[in-house]
Amino acid sequence: MQELVRKNIWELKPYSCARDEFRGRVANVFLDANESPYNSGYNRYPDPLQENLKKMIAPLKHVSEDEIFLGNGSDEAIDLVYRVFCEPRVDNVVAMAPSYGMYEVCANINDVEYRKVLLDEHYQIHADDMLKATDEHTKVMWLCSPNNPTGNDIDRREVKRILDEFQGVVVVDEAYGDFSELRSLRELVRMYPRLIVLNTFSKAWASASVRLGMAFAQPEIIALFNKVKYPYNVNNLTQQYAIELLSDIEKLERWIRDIKRERNNLLPSLKEVKCVKQVYPTNANFVLVKVTDANRIYNFLVDRGIVVRNRNNVQLCGDCLRITIGNKQENNEMLAALRSF
Ligand SMILES: *Cc1c(COP(=O)(O)O)cnc(C)c1O
């Protein structure tokens, strides 16, 4: 692990916050953090390691608490991967393409070379192609399953080959994993010390606005993330909200079931629409659709107050729109507008 981590990060002595120092003991007079004593509801700093929340997440995700990192959206975890493992202007990463845009943006911000490996005509990866793109400075490989914007699961055999053969860190972003029938790769974290799996509160858990992302990995990687993150990266409103949300698991399961049902209803109808040339298979809460003229249809929909994502300019996604599965009424409205084009 030491060989993979940037030297300055490996040697970093992290900021020690006031609450860290007394941890584990009991107190009722807090004069250690220069907080206000007036109970505004928010006068105290939040738990820097979000322990109560992690206690609720651990059994849900079948991991232990020290295998969880929580951040200000998955985007924080994505950025931390670069800051922990990639030496600017020296190291590089390899990523399947097209995929989620933040991997590349964070590479550019951190001045790290980003090597794209194009998916095949079924939007699948091939481990050989990914491995061929690596060199001795490749620290990280980015995989996303189900993939955004294509919607499909990535072939498990290829992922396992990468895990077995690539010597760097493998990140598998499962932001949409709850909508897939495949088992989560979280269950492989105990076997692969260089695997990081990303999940988020933003999609299936219907909480994009509170900004809460999860990374799962062995405790050594989690400890590196905790060392580099801002001390109070997840605010207390978000922690409290998430604890409340997770106290009703049946509600979360119902949301996921309902989206999958709506997806199953929508796909056959989409295929019947005249301006739709292809509906790609999806295991996510969105569907990629090839249409006759993506730019015109995108604007036509916007004129009717319906916003979808125009992916026309994305490699391998010419004339494609990415359409999120909404509720029944929203989906029907979108369908009716498409039919009237
Ligand atoms: C939406 C999405 C996320 C979520 O990011 P947050 O910062 O947690 O909202 C992560 N990865 C992918 C591929 C996504 O599409």
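Remember, it's 1-based here, ligands and their atoms both numbered in the order they're listed. Remember, predicted model here, so these are calculated numbers, not experimental data. The first residue in the sequence is number 1, and the count goes up from there.
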Identify every side-chain donor-acceptor pair in residues 239-246 under 3.5 Å, counting partners at least two apart or on other chains, and give the distances.
from, atom 1, to, atom 2, distance (Å)
Gln239, NE2, Asp47, O, 3.1
Gln239, NE2, Val234, O, 2.9
Tyr241, OH, Ser207, OG, 2.6

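- Heavy atoms only, all atoms of each residue included: Arg6 and Tyr82 are closest at CD-O, 4.2 Å.
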Stepwise side-chain hydrogen bond (donor to acceptor under 3.5 Å, both in side chains) check, Asp75 with Tyr100
CA-CA 11 Å; Asp75 293 343; Tyr100 186 44; 3.1 Å; yes

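- In this view, Asn236 satisfies the side chain to side chain donor-acceptor pair (under 3.5 Å) rule with no residue, not counting sequence neighbours.
- Residues forming a salt bridge (Lys or Arg N to Asp or Glu O under 4.0 Å) with Asp319 (at least two apart in sequence, or on another chain): none.
- Protein residues are said to neighbour a ligand when one of their heavy atoms lies under 4.0 Å from it; for ligand 1 these are Gly73, Ser74, Asp75, Tyr100, Tyr103, Cys144, Asn148, Asp173, Ala175, Tyr176, Thr200, Ser202, Lys203, Arg211.
- For Tyr232, the OH atom counts as densely surrounded, since its 6.0 Å shell holds more than 12 non-hydrogen atoms of other residues, nucleotides or ligands.
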